Amino acid sequence: MSYDHKAIEAKWQERWETDRVFYVTENASKPKFYNVCMYPYPSGAIHQGHVRNYTYGDLLTRYKTMRGFNVLSPMGWDSFGLPAENAAIDSGIHPMVNTENQILTMTAQIRQLGSMYDWDRELASHDPRFYRWDQWLFLELYKRGLAYKAEAPVNWCPKDQTVLANEQVIDGLCERCDTPVIRRNLEQWFFKITEYADRLLEDIDTLEHWPDRVRTMQRNWIGRSEGVTFTIEVDGGGSFEVFTTRPDTVFGMTFCVLAPEHPLVESLIAGSELEPEARKYIAAAQNVSELERMAGGDKTGVFTGAYATNPVNEERVPIYIADYVLMGYGTGAIMGVPGQDQRDWEFATKHGIDIIRTVQPPDEWDGEAYVGEGPTINSEFLNGLGRTAAVSRITEWLVERGIGYATVQWRLRDWLVSRQRYWGSPIPMINCAECGLVPVPESDLPVLLPEVEDFVPKGRSPLADVEDFVNTTCPQCAGPATRETDTLDTFVDSSWYYFRYADVDNEDRIFDPAKPAYWMPLDQYIGGIEHAVLHLLYARFITKVLYDMGMSSVEEPFARLFTQGMITFKGSKMSKSKGNVVDPVDLFASHGADALRLYHLFMGPPTDDAAWSGSGVDGTRRFLDRVWKLATTVHEYSDREPDASDRELIGLAHRTVRKVTEDIDRFHFNTAVPALMVLSNELSDYVSRAPREETVEEVLRMVLLMLSPMTPHIAHELWEMKGYGGMLATESWPTSDEELAREEMVTLVVQVNGRVRDRIEVSAEITAREAEELALSSEKIRGWTDDEEILKVISRPPNLVNVVVG
RNA sequence: GCCCGGGUGGCGGAAUUGGUAGACGCGAGGGGCUUAAACCCCCUUGAGCCGCAACGGCUCGCGUGGGUUCGAAUCCCACCCCGGGCACCA
């Protein structure tokens with residue numbers, strides 16, 4: 001018997017919507033629960049990753065609603081950005097049209113899943129009513145000195161023809177198209193996330209409900225190092241600073257290296273006989289892709305002809321230029337200590353530079369640079385000291401003489417937010433020949449994205465070709481001026497959209513702070529692990545900025561984070577390009593949304609990657625068919641008094657409530673589902689043997705209540721058919737009565753020397769002594785113990801007795 | 001190289017604190033229903049062995065090798081393999 005999922009699912013999707021069951025307002029009388037799945041890019045079709053994500057999210061929305069929470073679950077669209085633009089380029093349809101269409105089809109598909117949202121709060125980042133506030137936020141950051149324009153070496157993707165943030169470069173490749181990224185010196189807009197580095201790092205400790213690996217990834221990404229910055233004098237005048245975490249090894253400095261982009265390089269090489277070679281090297285270094293540069297290996301570099309003096313021992317050391325030193329980290333210059341740094345060792349070996357060890361390696365040491373612990377040597381007043389002591393001693397020494405100072409360096413760089421692409425929010429700035437950079441006045445927002453026919457990237461923003469857009473007047477002097485033509489990184493949109501949900505229709509402000517003050521922080525945020533350092537770091541940063549502005553009541557936006565695993569099929573991630581996609585829409589038709597949802601909950605631990613199995617969905621559908629049959633068959637009821645079989649079934653039902661509740665609370669959906677299957681199977685067995693109507697109804701009611709967040713359509717339909725009354729979605733979640741849940745009889749396992757030799761059904765109340773006596777008198781056990789001396793008996797009632805013989 | 005995860009049947013995976021390894025589902029085999037097939041239902045299903053048989057028993061088994069313990073998938077040590085993150089960051 002197979003139920004008509006199409007009719008039932010359409011019916012209830014309609015009903016929940018017309019009854020506005022999941023539309024909410026701030027309500028101080030209930031605990032709130034703000035539940036968000038990361039808003040999707042509107043690709044036009046949902047895939048199994050979305051289904052997994054929204055199934056978890058919707059389960060939580062429904063479960064928490066039944067638990068009495070005021071649950072806000074909104075949905076929106078991350079509709080700006082490269083994917084939309086690239087798709088439009090491929091299809092020839094304008095991104096505006098394409099995006100709107102794709103939002104419509106995806107909305108329909110999400111509804112078919114039965115996943116419920118407060119659609120009144122729907123937002124889309126390409127909507128001027130949204131990106132207007134992106135621009136406002138940009139101006140606020142500008143006012144606060146947190147947005148600035150600067151020329152810097154930046155990541156450039158030759159394929160997408162745009163710059164990328166550091167976070168968007170994965171293993172030297174463009175995050176979007178896997179093209180090797182190159183470095184270019186360009187004038188770009190940055191957000192000063194580094195000013196928040198310490199807070200972003202410190203507050204990771206408060207995110208106790210985040211996965212450890214995400215916290216670790218963010219810590220690594222922010223990358224704090226303590227050290228010393230000190231000045232090195234150049235022979236013949238001039239000086240430069242170097243940063244080191246190992247000032248204790250400074251006596252081992254036998255050379256210095258400047259990054260090819262270091263500002264001092266020019267004056268060092270100008271006029272030198274080594275100048276042509278140096279220039280050649282600098283030019284070549286610029287064209288090295290990040291990929292090659294990261295490969296490390298060959299420590300190339302050139303001598304500048306100049307020398308510097310080691311401040312601690314007055315030794316004269318050569319100054320080199322080498323691309324293994326990065327302009328973007330520290331001071332762009334280093335002291336070369338080959339004895340204690342492997343990279344310096346390789347460089348020194350290659351260029352015939354002296355090596356002096358200043359840390360005594362262990363006797364058995366046969367490696368190159370020694371970075372481990374050991375007594376300091378060859379270092380005058382540091383000799384004999386361990387690392388920590390030597391570091392403080394030399395730091396004091398450098399500080400006393402005004403040569404150096406203690407510093408903290410961060411791996412984190414400022415967030416590059418400008419993009420040379422069309423489909424994004426225009427940066428609201430104006431360049432005036434007279435006044436310089438002038439912000440667009442707030443009253444002129446939004447700066448509308450002009451309609452452009454040709455948005456194929458060609459290395460500068462397509463907006464630069466739109467004369468009507470570019471030419472404007474200066475808000476300060478009213479003279480002719482030009483607009484900024486770059487657009488904002490879409491990660492700017494996603495860094496604050498969850499605030500906007502709280503006050504989505506506000507036309508006067510980005511939001512009234514009182515609204516998010518009720519909802520924030522998110523009680524649950526669900527999405528993919530791929531955002532571990534991108535979106536999740538930017539969102540934390542912007543939240544802290546909003547907090548400092550008095551706009552946010554919280555410093556951290558996401559109290560609980562859940563990162564789901566990928567769906568794989570035939571050994572790799574499901575993707576159109578690999579041709580291994582199983583379309584959820586086909587499964588809505590063939591198996592129904594409920595069966596698909598249940599399969600996603602059942603298939604494995606939510607955090608793990610999971611291999612798709614079509615027959616797995618067959619299995620969950622079969623289960624739902626059995627539940628349908630169980631609930632709709634007219635049984636022959638007995639009017640007998642309740643007996644042990646009734647107590648046992650009711651007890652199991654209460655234990656199942658306990659288990660399912662605990663499992664949902666800790667995101668172990670894959671064990672909650674089997675618990676329900678067991679209960680349902682037991683109920684089926686029960687109805688086949690003189691069932692009492694009250695018992696059946698009581699247990700069935702509990703089954704439907706628990707199924708409601710998992711497979712809402714069938715659960716609601718059966719609830720209605722059974723006439724249990726009310727809308728199931730707003731019924732209270734069942735509670736487990738511990739008295740009824742208690743088991744009367746349990747299996748006592750009897751071991752001899754740790755091996756199971758007998759199993760005895762005993763009362764759950766059995767004492768240790770009784771269990772021991774029962775175990776020792778068992779026929780089977782006596783067969784193992786009669787010829788032996790009993791050394792010890794371990795009795796752990798009511799589950800185990802272990803008899804030790806020998 | 002450093003830092004996190006993880007390794008359990010043919011497969012996905014269970015096993016809150018050390019206490020019956022393999023729940024539940026898939027697949028497979030057998031049977032029932034059917035003219036037949038599908039659906040559905042029932043039984044079996046870690047490996048090897050003993051036994052006429054039992055809803056009977058033994059041995060082995062959670063990546064490998066040790067250890068702790070009455071007892072280890074679970075704790076400790078060493079190693080192997082897989083996945084992920086970071087990485088010329090001074």
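We name chains A, B, ... by the order of the sequence lines, and we start the count at 1 in each one. Note that the structure is predicted; figures quoted are calculated from it, not measured.
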*Could you state the CG-P distance from A:N670 to B:rG12, rounded to the nearest angstrom?*
14 Å
*Sub-4.0 Å heavy-atom contacts from residues 794-803 of chain A onto RNA chain B, ordered by number*: A:I794, A:R796, A:L800, A:N802
*By salt bridge (Lys or Arg N to Asp or Glu O under 4.0 Å), which residues pair with A:K350, not counting sequence neighbours?*
A:D298
*Rounded off to whole Å, could you give me the CE-to-P distance for the A:M677 and B:rC26 pair?*
7 Å
_Basic-acidic side-chain contact under 4.0 Å: A:D618, A:R622_ = no
*Contact class for A:V804 vs. all strands (heavy atom < 4.0 Å): base, sugar-phosphate, or nothing?*
sugar-phosphate
_Rounded to whole Å, how long is the line connecting atom CD of A:Q409 with atom P of B:rA90?_
9 Å
*Nearest-nucleotide pick for A:F602, side chain only, options being B:rU16, B:rC88, B:rG12*: B:rG12
_Identified side-chain contact (heavy atoms from CB on, under 4.5 Å) partner of A:R246 from the options A:T358, A:V359, A:V228_ = A:V359
*asked:* Assess whether a salt bridge exists between A:D212 and A:R215, defined as any Lys/Arg side-chain N lying under 4.0 Å from an Asp/Glu carboxylate O.
replied: yes
*Using a 4.0 Å heavy-atom cut-off, write out nucleotides 42-52 of chain B from 5' to 3' as B (base contacted by protein), S (sugar-phosphate only) or - (no contact).*
-----------
*Residues which pass side chain to side chain donor-acceptor pair (under 3.5 Å) with A:R52, listed by chain and number, not counting sequence neighbours*: A:Y56
_Could you tell me the Watson-Crick or G-U partner of B:rG5, where both distances fall under 3.5 Å? Say none if there is no partner._
B:rC82
*Who are the salt bridge (Lys or Arg N to Asp or Glu O under 4.0 Å) partners of A:E743, not counting sequence neighbours?*
A:R655
_Rounded distance (Å) that lies between atom P of B:rG19 and atom CD of A:E772_ = 21 Å
_Without decimals, in angstroms, what is the distance between A:R755 CZ and B:rA21 C1'?_
14 Å
Donor-acceptor list for residues 326-335 of chain A side chains, cut-off 3.5 Å, not counting sequence neighbours:
| unit_1 | atom_1 | unit_2 | atom_2 | d |
| --- | --- | --- | --- | --- |
| A:Y329 | OH | A:S225 | OG | 3.2 |
| A:T331 | OG1 | A:E241 | O | 2.7 |
| A:T331 | OG1 | A:A333 | N | 3.4 |
| A:T331 | OG1 | A:A333 | O | 3.2 |

*With rounding to whole Å, what would you report as the distance between B:rG19 and B:rA73 at their C1' atoms?*
13 Å
*Identify whether any heavy atom of A:G619 sits under 4.0 Å from a base atom; if not, whether one sits that close to sugar-phosphate; answer base, sugar-phosphate or nothing.*
sugar-phosphate
